[in-house]
Visitor: 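There's a structure below that I have some questions on.
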Amino acid sequence: MSKKNGDMKIKGKDYWRSLDQLADTPEFNNFLKREFPLGAAQFDNSWSRRKFLTLMGASLAMAGLASCRRPEEKIVPYVERPEEVIPGVPLYYATSMPFSDHAFGLVVESHEGRPTKIEGNKLHSSTLGASSAITQAQTLSLFDPDRSKKVLKGEQEKSWNDFVLNWIGAFEEFKQNKGVGLAVLSGMFSSPTLSRLKKSFDKNFPNASWVTYEAVSDENIYNGTKAAFGKRYRPNYSFDKARVVLSLDSDFLLTESDSINNARGFGKARNVETEKDEMNRLYIVESGYSTTGANADHRQAISSGDIGAFALNLANALNNLGINVAGTSAQLVSDKKFKWVNELARDLAGAKGASLVVAGRRQPAAVHALAAAINDALGNIGKTVLYSEVSDTSSSDSAGLQSLVADMNSGSVSTLIMFGSNPVYDAPAELGFAAAMSKVKTTIHFNDYVDETGQLTTWHVPKSHFLESWGDTRSYDGTMGLTQPLIRPLFKSVSESEMMGLLAEGKATKGYDLVRQTWKNKNKGGNFESRWRKILHDGLEQKSAYKSESPGVKNSVISKFLRDNPLTNSSGKSGMEIIFRSSPSLYDGRYATNGWLQELAHPISKLTWDNVAYMSNADAKSLGVKNNDVVKLELDGRSLELPVWIQPGQAKNSVVVELGYGRKGAFKVGDGVGGNVNLLRNFSAVGFATGLKVSKMNRTHALACTQDHWSMEGRAIVREASLQEYRQHPKFAEEAVQHKPLESVFDEHSYAEGYQWGMTVDLNSCVGCNACMIACQSENNIPIVGKEQVANGREMNWIRLDRYYSGDVEDPETVHQIILCQHCENAPCETVCPVNATMHDAEGLNVMVYNRCIGTRYCSNNCPYKVRRFNFFNYTKDYSEVEKMTQNPDVTVRFRGVMEKCTYCIQRISAAKIDAKNNGRKVVDGDITTACQQACPVDALTFGNINDAESRVSKKKKFNRNYALLSELNVKPRTTYLAKIRNPNSNIKKA
Amino acid sequence: MAQIFPKWTNYLGPGTALAAVLLISGGTWFFWFYASPSFTDVGYRPVQPVAYSHKLHAGDLGIDCRYCHTTVEFAAAANVPPTATCMNCHTLVKQDSEKLQLVRDSWKDKKSLRWTRVHDLPDFAYFNHSVHINAGVGCISCHGNVAQMEVVEQKKMLSMGWCLECHRNPEPNLRPVSEVTNMDWVAPANQAEVGKLLRATKNINPPEDCSGCHR
């Protein structure tokens, strides 16, 4: 840390962004030196220059004739203006989004009845105002022209009424025989109304079977808590109270349940304002490289099958320290040994009651039981983790699905209803679901797309998007929320409640009436109407969470369970291990139709539009494969071909694959993207399996990765230190780069007056969850460009998450860095624009005037941060009327040939300024939140007036971790960064 | 030896130069004049589906602008009134007028009227009515004396340069907020001082940056 000689490496770390860079190949160096990669600025060669000029000349002549008078525009006022609607002024409604067996509380911005932007609901405990990439992207899913539009019987179009009549007939029949031969396969839900209706379904058809299945679920967690406590509990973690955290293969910051709250709590416990503050420490053992792994202070790559052995080792180490972990008797000691188990045990023991052990949903129940036992032994239950029994919820049950398929094969199912599920795609292939389904006489499919299942069923009924439906939800902690429609169904679809109402009660009832009935039953006595109005307004009922319990682990129960389900390890097994994880963007495949999510760079690999077989560098070497090479994965006689991607830091002898790709019923966006890994999945091992055979195919598959773009060549871009180093050198971030006093060759403006906008990005809080990227895309009408264009380096995101690795290729550390326009006061882009299309305003914003831009791209060439994006094509030209409805009317939709970039959400700044002015006051801190800031669950982004010493952003800029990116260029960026601090255990030596 | 070029060719050079100057200046003038919004846009008065007379309603009857354009004080857009606003009076007044047939149809069928926009800014300019009204810029400043118009027409250029003229020097166009909709308001003799005072008390600093209107 004492380097002050202008050397720009911090603590001697060598950051690298990809394996190519580490290897310093000529291709990579060539790539680096180009502003946009090869081919990015060149026409498709089927166009000769001459043909181009001919056509341009002709179209210019035509344009001259046609443009004599501006087009006539119509004003179409309301006949009767709805109360509260003011044209041009958005309204906000609270709703909640059902997801898995929980939900997210949201607030949706609506422009004249058109939902355009989703935010978290500040009142709702599931989001507290923040959101995630998946929740943000829901407006695009709503306005998807590929959604199912009509009731189908085979190929034939039918009406909802046809289906109702048909079902009523069947209903009466099944009522006679009490539901013999009737079966429902449902997706997970967590809804008081759906649960109430399911009860009447069960009452009407006691002999019918109801099975819930989803490809990604917390089933193992429930089974684990059952083994530990004797009751099926859901754990509720308080990461904000945990000083020492151990993750056992759990990506709790991004892909596990309740990740928004987890990230928030984790960020809170990690936050340091001064060098005197304490912060938490995260240990993780995992096979693949997850977002949580990237945030860890100590990470150990071990195969998923060894996690149980690791947990057992830890339990024994704790036992040795006198902390007796229930269920770990001597015969359960694993013979496999791991690094830093004893140091970890001491650290956990030193933080009794303020530590936390979390296991991932991929791990078997025994690991969860053991994690609960360790938490119990450490006194964490009741402090950092609480348990609750869930109700009104239908959770995944894989055994149920197996017996259902057996019934279908034996011919005992005559009518199968698939309620919001797509089993032909996502049921493990060993079941042969499609073949079993063909043996059922009548199949009814209810989902939002005519997907893989819907294409094969007798009936298909389109499901409304949650933004079009009445419904209700219970979030992860059980808070009861309402789902209210923001718009009438765009197509002839029905809501979940309406469909369930019909199935259960044999009559078509309006969704609103069904939901209201449920709530009326729950709120007996008093003035229901006023309570209902309040719940509708807030989007939730306060204090309705599940009862939190602090149960104790039952030693006898868990001991027996662990003896019956021994925690094995991977030694002595043949073949490689395959690990299945949910995609951070597409989840289990249900969002494969969403272009924003498809194009969202993977938080670690930065891949878009594909899933791959991740493997370690060593494994790739021994197989003789490199990135893009296709390999054949074989497991239990089934096979799948996927391209290879080398993931630094992945456990050896393992392959990680992600669910959600390889769809065949995801239409123009999702079809043919990646491969369906459910084809390899087994019920015996839904999370991971051994015995995988990998063989090289003699072909390659081009992948679109945003990783190597805009590299920053070894400069002190991300500055980080350990807590210890920080305490010794509190100003390390600023001191990392030394330079002579700088002078500008241009006249500098004074920005002493008025509002001066600025931002800070806290690298220590940022977990790299990508929520900001989709929030920005939704707010600022950023187009989707497609895989080919991403490969050309033309992705359009205004805000991006750079990821740098440092250290050993087999065990690297990772940092994330949010990069957006830095709004330099001495902006290099401005001085090179020949037409003044980008310039500064009095409030310090670097503004982009689209109408002046002639597309020279000099500005992008001269931008040291590479944050400018160019519209190589007219991406928005072919939007259908439905797709156009996603656009934010407050932001210009850009045309071909125009440069664009982050504006600090200037539309929100203007709105706040106008509102303040109309009310005769000044804009105060907190009036303006940028879209990225609003979405961020960890408060990593802070925006405000830097001329106001009391604003949060001013205060943060005074932190000693504050530094400006590339300040040595004298560009004076308004966005500054707060350096990252790690908190490694000083007793653990780095290898 | 006979001369190759006749004598008149001596004028060819200066003649060509003169023609070039005329052509260039003529062309410049042509575009300056015909392509300017003062030629293309000022005076634009499309025929509206209903022959609504602002002169009658706002002028002779003295209905305040905000009776119909209700959102002008708190929204970007000064809304065109819903049919319901017309019907507030016309269920009682002129119930059988032929001119009002379309309005009555709209009310009965619940189908919107389709007016033609007169004052049409480009879509990339985000003009906000409310902030101007609250600053004390009269309707008349941009729309002309609508109360005297039988058919509404565009009176001002509404070009960026025209907007900036006022943004650079707003004082001549400021009036007390209470007089904003008053078409007959006459600027006092000391408008320069009054404008300055209004500007100071209301802290009016119209933006001159691109970001003021373009997003």
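Sequence lines set the chain letters: A, B, ... in the order given, protein chains first and strands last, and positions in each chain run from 1. Because only heavy atoms are used, hydrogens play no part in the values below, and waters and symmetry mates are left out as well, while side chains stay in.
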Visitor: If you count heavy-atom pairs under 4.5 Å with chain B, which of A:Asp915, A:Val847, A:Thr892 comes out on top?
Guide: A:Thr892
Visitor: Given that the side chain runs from C-beta out, which part of A:Thr903 has a heavy atom under 4.5 Å from chain B: side chain, backbone, both or neither?
Guide: neither
Visitor: Minimum heavy-atom separation for B:Glu73 to A:Asn918, with atom names?
Guide: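 What the structure gives for the nearest pair is O-ND2, 4.3 Å.
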Visitor: If you tally heavy-atom pairs under 4.5 Å against chain B, which of A:Ile909, A:Leu845, A:Val891 wins?
Guide: A:Val891
Visitor: Which atoms of A:Val849 come close to chain B, meaning under 4.5 Å heavy atom to heavy atom: side chain ones, backbone ones, both, or neither?
Guide: side chain
Visitor: Between A:Asp890, A:Asn780, A:Val89, which residue shows the highest count of heavy-atom pairs closer than 4.5 Å to chain B?
Guide: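 Most pairs with chain B among the choices: A:Asp890.
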Visitor: Tell me which of these, B:Cys86, B:Cys210, B:Pro207, has more heavy-atom pairs under 4.5 Å with chain A than the rest.
Guide: B:Cys210
Visitor: With only heavy atoms counted, which part of B:Tyr34 is less than 4.5 Å from chain A, the side chain, the backbone, both or neither?
Guide: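 Contact with chain A involves no heavy atom of B:Tyr34 at all.
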Visitor: Take a 6.0 Å sphere around NZ of A:Lys74 and say whether it holds more than 12 heavy atoms from other residues, nucleotides or ligands.
Guide: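 More than 12 heavy atoms, drawn from other residues, nucleotides or ligands, come within 6.0 Å of this atom.
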Visitor: Counting heavy-atom pairs under 4.5 Å to chain A, which of B:Lys110, B:Glu208, B:Met87 comes out on top?
Guide: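 Heavy-atom pairs under 4.5 Å are most numerous for B:Lys110.
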Visitor: Name the option with the most non-hydrogen atom pairs under 4.5 Å to chain A; the candidates are B:Ser106, B:Ala84, B:Ser112.
Guide: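 Ranked by contacts with chain A, first place is B:Ser112.
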Visitor: Name the member of B:Ser130, B:Pro122, B:Ala75 that forms the most heavy-atom pairs with chain A at distances under 4.5 Å.
Guide: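 That would be B:Ser130.
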Visitor: Report, as yes or no, whether the 6.0 Å neighbourhood of atom CD on A:Glu73 holds more than 12 heavy atoms from other residues, nucleotides or ligands.
Guide: yes
Visitor: What is the distance from atom CG of B:Asn205 to atom CD of A:Glu753, rounded to the nearest 0.5 Å?
Guide: 9.5 Å
Visitor: Output the distance between atom CG (A:Asp841) and atom NE2 (B:His214), rounded to the nearest 0.5 Å.
Guide: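 With rounding to 0.5 Å, CG (A:Asp841) is 12.5 Å from NE2 (B:His214).
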Visitor: For A:Met839, which atoms come within 4.5 Å of any heavy atom of chain B: side chain, backbone, both, or neither?
Guide: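 Only the side chain of A:Met839 comes within 4.5 Å of chain B.
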Visitor: Which atom names give the shortest non-hydrogen contact between B:Asn203 and A:Lys922, and what distance separates them?
Guide: ND2-CE, 4.3 Å
Visitor: To the nearest 0.5 Å, what is the distance between OG1 (B:Thr83) and CD (A:Glu80)?
Guide: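 Between B:Thr83 OG1 and A:Glu80 CD, I get 8.5 Å after rounding to 0.5 Å.
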Visitor: For atom CE of A:Met885, decide whether the heavy atoms of other residues, nucleotides or ligands shown that lie under 6.0 angstrom number more than 12.
Guide: yes
Visitor: Of the backbone (N, CA, C, O) and the side chain (C-beta and beyond), which part of B:Lys202 lies under 4.5 Å from a heavy atom of chain A, both, or neither?
Guide: neither
Visitor: Going from NE2 on B:His132 to NZ on A:Lys917, what distance comes out if it is rounded to the nearest 0.5 angstrom?
Guide: 9.5 Å
Visitor: So how far is it from B:Ser211 OG to A:Trp757 CH2, rounded to the nearest 0.5 Å?
Guide: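 Result: 11.0 Å between the selected atoms.
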Visitor: Look up atom CG in B:Asp209 and atom CD1 in A:Ile906, then write down how far apart they are to the nearest 0.5 Å.
Guide: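 One finds 9.0 Å between CG of B:Asp209 and CD1 of A:Ile906.
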Visitor: Determine the option with the most heavy-atom pairs under 4.5 angstrom with chain A, choosing from B:Val131, B:Asp123, B:Asp109, B:Thr70.
Guide: B:Val131
Visitor: Heavy-atom distance under 4.5 Å to chain A: side chain of B:Tyr126, backbone, both or neither?
Guide: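 Answer is side chain: those atoms of B:Tyr126 sit under 4.5 Å from chain A.
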Visitor: Search all heavy atoms of A:Pro87 against all heavy atoms of B:Ala77 and return the closest pair with its distance.
Guide: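 Nearest heavy atoms, A:Pro87 then B:Ala77: O-CB, 4.2 Å.
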Visitor: Which atoms of A:Asn851 are under 4.5 Å from chain B, going by heavy atoms: the side chain, the backbone, both sets, or neither?
Guide: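 Looking at A:Asn851, just its side chain touches chain B.
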Visitor: Do other residues, nucleotides or ligands put more than 12 heavy atoms under 6.0 Å from the CH2 atom of B:Trp32?
Guide: no
Visitor: Quick check: closest heavy atoms across A:Ile914 and B:Arg215, and the distance to 0.1 Å?
Guide: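 Taking every non-hydrogen atom into account, CD1-NH2, 4.4 Å.
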Visitor: Around B:Arg114, counting heavy atoms of other residues, nucleotides and ligands shown, do more than 12 lie under 6.0 Å from its CZ?
Guide: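 No.
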Visitor: Flag the one option from B:Ile204, B:Leu113, B:Asn79 with the top tally of heavy-atom pairs under 4.5 Å to chain A.
Guide: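 Top count of heavy-atom pairs under 4.5 Å with chain A: B:Leu113.
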